[in-house]
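Structure first, then comments.
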Amino acid sequence: MATHVPGIFDEKLRGCVASCRVLVVGAGGIGCELLKNLVITGFEDIEVIDLDTIDVSNLNRQFLFQKQHVGRSKSEVARESALRFNPKACINAYHDSIMKSTYGVSFYQKFTLVMNALDNRAARNHVNRMCLAAGVPLVESGTAGYLGQVTVIQKGLTECYECQPKPTQKTFPGCTIRNTPSEPIHCIVWAKHLFNQLFGEADPDEDVSPDSADPEQVGDAGQSALDSETNEHGNINRVSTRGWAVSHNYDAKKLFGKLFNDDIHYLLSMDKLWEKRRRPTPLEWDKLPSTSVSENGEGLIEDQRPWTLAQCRDVFETAVRSLHTQLKGKPEGEDLVWDKDDKDSMDFVTACANIRAHIFGIPQKTRFDTKSMAGNIIPAIATTNAIIAGLIVLEAMKILQGRTNECKTVYLNRKPNPRKRLLVPCALDKPNPKCYVCSEKPEVCVRLNVEKTTVRTLEEKILKTALNMVAPDVEISDGKGTILISSEEGETEGNNDKMLKEFNITDGTLLNCDDFLQNYTLTVNLIHCEKLEDGAEFEVIGNIDELKKAQEEQAKASTAAETAANGPDGATAASSVMGSDDENDLVCLDDENDDTKKRKISEDGAQQPRKKLRQETSEDDIIEL
Amino acid sequence: MVEKHIENITEDEAALYDRQIRLWGLDAQKRLRASRVLVAGVCGLGAEVIKNLVLSGVKSVTLLDHRTVTNVETCSNFLAPHDAIGKNIAEASRERAQILNPMVEVAADTSNVKDKVDEYFTQFDVVCLCRCGREQLTRINNICRQNKILFFAGDVFGFFGYTFTDLQEHQYVEDVREKKEVEQEGKKQTIEETKMVKRTESFIPLCQALDADWTSNKYASQLRKISPAYFIMHILMEFASLHGRIPDPARRNEDEVELLTIKNALLEKMAVPQEKVDNQFAGLVFGQVSPVCAIVGGVLAQEIIKAVSQKDPPLNNFFFFTTLDGAGVVECIGY
């Protein structure tokens with residue numbers, strides 16, 4: 001430990017390092033490297049928390065873990081391994097979620113500083129709020145492939161993690177997924193939805209059958225569409241996909257016929273769709289066209305070998321059978337959860353996506369690539385994590401020395417920028433006075449339809465998922481103090497299925513939302529809106545100014561395809577690169593992208609001329625994966 | 001270079017290396033799998049490089065160091081156990097390096113790099129020197145040039161570190177994104193295509209990079225922009241050759257004074273203004289600070305991975321990191 005040998009550090013730094021108490025949130029890719037650096041440097045009072053267990057795919061970089069540890073708690077094994085670097089260190093490990101109420105403001109106040117080594121935005125948002133509430137400095141970090149980033153957050157001095165809106169996950173319009181896929185990802189999303197319809201928790205937003213209410217087709221529905229009754233959502237009023245499968249005892253051949261033949265014939269009958277598109281080709285179970293596979297697979301790993309259509313069908317048959325067995329093994333009312341690491345789940349999605357891709361003339365994807373896309377896998381390597389963890393400790397040392405004003409956001413680039421920098425330090429930004437988290441009176445606007453939004457949607461999808469509260473209490477600002485949602489169990493459950501309108505909530509109603517754990521109060525300004533783009537249920541807009549801006553932009557854009565809907569959580573939509581994989585090391589690609597505008601070069605103090613800055617960032621600073 | 005005996009990746013390896021194969025591809029992983037690396041100087045920086053390379057799945061890593069484990073070494077080399085003080089550091093670090101990845105051959109060699117003859121280095125595809133004086137650096141660099149061995153060097157002094165790369169004539173491929181206009185469904189659309197492009201990069205020997213003439217027109221004009229870390233590296237090399245040792249935490253006060261004396265003389269000799277290097281540096285070069293080893297070792301190992309996998313442009317030829325400005329800078333010096 002460097003603090004044990006006088007003369008490595010100056011005496012002041014040596015004292016601060018030896019005496020401080022730090023919390024490390026996350027014991028994954030960055031966390032393992034960070035613990036090593038901390039212990040070797042001489043930090044001796046460390047607590048580490050992680051809810052995850054060790055998987056084989058972690059071992060290429062999470063170097064505190066070995067094969068014999070697979071399945072064990074990350075935080076506990078990380079503690080054991082790190083202690084070997086300094087047996088005198090005191091490391092406390094929690095195998096737990098940092099978002100639990102056990103870890104309240106007083107827990108955070110024990111620490112001199114907190115270091116995030118997380119892989120998902122929800123936990124980052126939460127720790128950000130807890131550190132703001134506790135007044136503890138936070139060093140935040142993230143990596144994605146060759147790229148990484150470290151920054152420092154201190155209440156009142158710097159931007160907080162939520163000061164700048166983060167781009168939301170890319171979602172695809174329902175009719176693209178259901179009717180007119182044109183890219184492999186559309187077929188993969190469809191296949192994941194199909195999995196949930198057949199074996200998982202069905203979500204009405206994830207229908208996989210043809211959508212006769214396709215805007216392109218409306219007014220001239222195809223013959224068979226006219227023949228069938230359609231309900232208000234445009235779905236043909238027949239039994240649900242699940243019901244259909246159950247009534248046919250999950251017979252793979254019959255399912256195939258429905259999904260890849262009947263439904264495709266139905267789509268063909270919606271002739272408007274195919275005026276400017278290649279018409280899909282229905283397939284038959286035992287009359288599959290023979291597809292030649294372009295590569296022979298020599299030297300490739302198994303998952304990288306492309307499948308023929310017949311192989312897809314066979315895998316489909318086996319996977320349906322196994323998944324059906326898995327489902328039957330579950331207690332009544334329980335469903336399967338799609339998991340990229342479950343063989344049958346992954347086989348099913350690969351087979352279905354490729355069969356559908358063939359039908360629509362879309363290039364096929366190997367199981368390997370399908371897994372990346374369906375599982376939102378962010379590739380991760382040891383070197384990037386090591387560099388980022390090193391930078392975290394250097395920023396932490398500045399904070400300990402009382403030099404917070406010298407702290408920086410540091411980016412790790414893939415290539416040197418035009419100023420020859422591979423590691424680029426940038427000045428920290430001041431807090432956003434309108435931030436809906438760290439400003440004095442946090443306020444946010446939400447657009448939704450008060451007649452069609454339930455209290456449950458408000459709580460689960462808006463307050464918890466989009467606005468990241470943990471256990472909100474909500475009071476309507478109507479002068480009477482009507483309690484809409486209570487965090488006490490059982491108190492307001494009766495409200496869950498009621499529409500907001502039933503509580504006299506209208507355009508302009510203010511809700512006072514309070515999260516006791518996060519010590520956070522937020523005023524939500526509701527804006528009534530009949531219909532949002534792409535059928536989104538709601539849209540979160542930072543403040544009134546941004547709302548106006550957004551509305552102007554909307555007016556300009558004639559078709560708002562793929563407008564980011566602050567929609568349902570990440571699991572519903574698979575975007576190819578942006579989403580965070582629940583087990584990976586982080587997402588900073590998104591941060592990185594929206595931070596480009598504020599990449600100023602710190603040593604010069606002032607911001608560079610905008611033009612030059614833009615040129616710099618577009619050329620070299622950001623390399624999208 | 002490593003076109004010989006490229007073996008296929010097994011399914012076990014595919015599972016272990018899944019997340020990195022998704023980043024750099026199967027071909028790169030196969031090339032890694034075939035490369036034999038020597039890391040001389042099992043210090044804090046060496047330990048980081050060794051860890052990263054063993055994790056990545058190279059064929060073999062040889063740890064070469066004649067020194068013994070000391071208290072100061074265990075402040076940065078996390079591979080050397082505390083109860084091994086007094087034992088040979090390469091030998092003591094071998095076990096923890098091996099545990100990181102049983103699929104990689106990890107060997108220890110306790111001899112002094114000075115005593116290794118030319119032929120010794122030819123059994124490796126990559127030679128990486130840490131904690132090595134100028135004389136040995138240039139000697140081994142020349143051996144590597146004669147034998148087409150990829151050459152890397154690096155060191156960390158306190159809060160400062162550098163790396164140097166000499167790949168001679170290096171061929172690599174790079175994915176380049178191109179925007180293309182295509183007609184789709186009657187509409188004009190821009191799509192992005194990824195193309196693989198072959199490129200070559202030339203490197204110069206270390207002695208040439210160290211002997212750049214700062215009075216020449218070319219370098220005098222660049223002086224303002226060049227990282228002060230280049231000169232800090234020179235000062236430390238000079239200190240080591242004058243005193244036969246590196247700055248010692250136990251003699252911090254006298255060594256700080258000596259570093260400033262060397263700085264004055266050296267910069268004057270090189271015709272570089274004294275203010276190019278802030279005197280603060282002298283207090284920041286003791287021991288090897290673990291986070292700095294992690295940063296420099298991360299960059300160095302990634303460059304080795306890049307070079308053997310022949311993918312992506314290498315950093316040509318120095319990388320410097322100093323906490324004075326917190327930047328990690330790539331400098332191309334000596335051409």
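Chain letters run A, B, ... following the sequence lines, proteins first and then strands; every chain starts at 1.
For the pair B:Arg245 and B:Asp255, the salt-bridge criterion is met [side-chain N within less than 4.0 Å of a carboxylate O]. Between B:Arg22 and B:Asp18 there is a salt bridge, with a side-chain nitrogen of the basic residue lying less than 4.0 Å from a carboxylate oxygen of the acidic one. Taking 4.0 Å as the cut-off between side-chain N and carboxylate O, A:Glu80 and A:Arg84 do not count as a salt-bridged pair.
For chain B, the nearby parts of A:Phe9 are the backbone and the side chain; heavy atoms of each come within less than 4.5 Å. For chain A, the nearby part of B:Glu11 is the side chain; its heavy atoms alone come within less than 4.5 Å. B:Glu48 touches chain A through its side chain: at least one heavy atom from C-beta onward sits under 4.5 Å away, while N, CA, C and O do not. Only the side chain of B:Arg252 comes within contact range of chain A, with heavy atoms under 4.5 Å apart. Proximity to chain A (any heavy atom under 4.5 Å) is shown, for B:Val54, by neither the backbone nor the side chain. Only the side chain of B:Arg96 comes within less than 4.5 Å of a heavy atom in chain A; its backbone stays farther off. B:Asp312 touches chain A through its side chain: at least one heavy atom from C-beta onward sits under 4.5 Å away, while N, CA, C and O do not. When heavy atoms are compared at a cutoff of 4.5 Å, B:Pro313 approaches chain A solely by way of its side chain, counted from C-beta outward. With a threshold of 4.5 angstrom between heavy atoms, B:Leu315 approaches chain A through side-chain atoms but not through N, CA, C or O. Only the side chain of B:Val289 has a heavy atom closer than 4.5 Å to any heavy atom of chain A. Only the side chain of A:Glu33 comes within contact range of chain B, with at least one heavy atom under 4.5 Å from a heavy atom of that chain.
Relative ring orientation between B:Tyr230 and B:Phe318 is described as perpendicular, the plane-to-plane angle rising above 60° on a 0-90° scale split at 30° and 60°. Between B:Phe320 and B:Phe160, the ring planes are parallel. Angles under 30° get that label, and only those over 60° would be called perpendicular.
Counting heavy-atom pairs closer than 4.5 Å to chain A, the top residue among B:Gly297, B:Ser290, B:Ala301 is B:Ser290. Counting heavy-atom pairs closer than 4.5 Å to chain B, the top residue among A:Leu423, A:Leu34, A:Leu59 is A:Leu423. Counting heavy-atom pairs closer than 4.5 Å to chain A, the top-ranked of the candidates B:Asp175, B:Leu16, B:Asn8 is B:Leu16. Between chain A and the options B:Thr74, B:Ile295, B:Thr323, the largest number of non-hydrogen pairs under 4.5 Å is found for B:Ile295. Among A:Gln66, A:Glu406, A:His4, the residue with the largest count of heavy-atom pairs under 4.5 Å with chain B is A:Gln66. Interface check for chain B: of the options A:Val410, A:Leu422, A:Thr383, A:Leu64, the most heavy-atom pairs under 4.5 Å are formed by A:Thr383. No other option in A:Ala389, A:Pro87, A:Ala2, A:Gly42 has as many heavy-atom pairs under 4.5 Å with chain B as A:Ala2. Of the residues considered (B:Val299, B:Asn77, B:Ile305), B:Val299 shows the highest number of contacts with chain A, using heavy-atom pairs under 4.5 Å. For chain A, the option among B:Asn71, B:Ile99, B:Asn253 with the highest count of heavy-atom pairs below 4.5 Å is B:Ile99. Among the candidates A:Lys67, A:Met397, A:Arg278, A:Lys371, the residue making the largest number of heavy-atom pairs closer than 4.5 Å to chain B is A:Lys371. Across A:Ile40, A:Val393, A:Val39, the residue that shares the most heavy-atom pairs under 4.5 angstrom with chain B is A:Ile40.
Across every non-hydrogen atom of A:Thr3 and A:Arg14, the tightest pair is O-NE, 2.8 Å. Nearest heavy atoms, B:Glu201 versus B:Asn316: OE2-ND2, 2.8 Å. Scanning both residues, A:Asp10 and A:Gln401, for their nearest heavy atoms gives OD2-NE2, 4.4 Å.
Residues B:Phe286 and B:Glu256 have side chains in contact (heavy-atom distance under 4.5 Å, counting atoms from C-beta outward). In this structure, B:Ile9 and B:Lys30 have side chains that are in contact, with non-hydrogen atoms separated by less than 4.5 Å. Residues A:Thr384 and A:Arg61 form no side-chain contact, since every pair of their non-hydrogen atoms from C-beta on lies 4.5 Å or further apart.
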Worksheet item: Taking it one step at a time, do B:Arg251 and B:Glu258 satisfy salt bridge (charged side-chain N to carboxylate O under 4.0 Å, His left out)?
Response: CA-CA 11 Å; B:Arg251 299 155 85 166; B:Glu258 174 63 6; over 6 Å; no
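Formation of a donor-acceptor pair under 3.5 Å by the A:Asn58 side chain with backbone atoms of A:Asp55 is found in this model.
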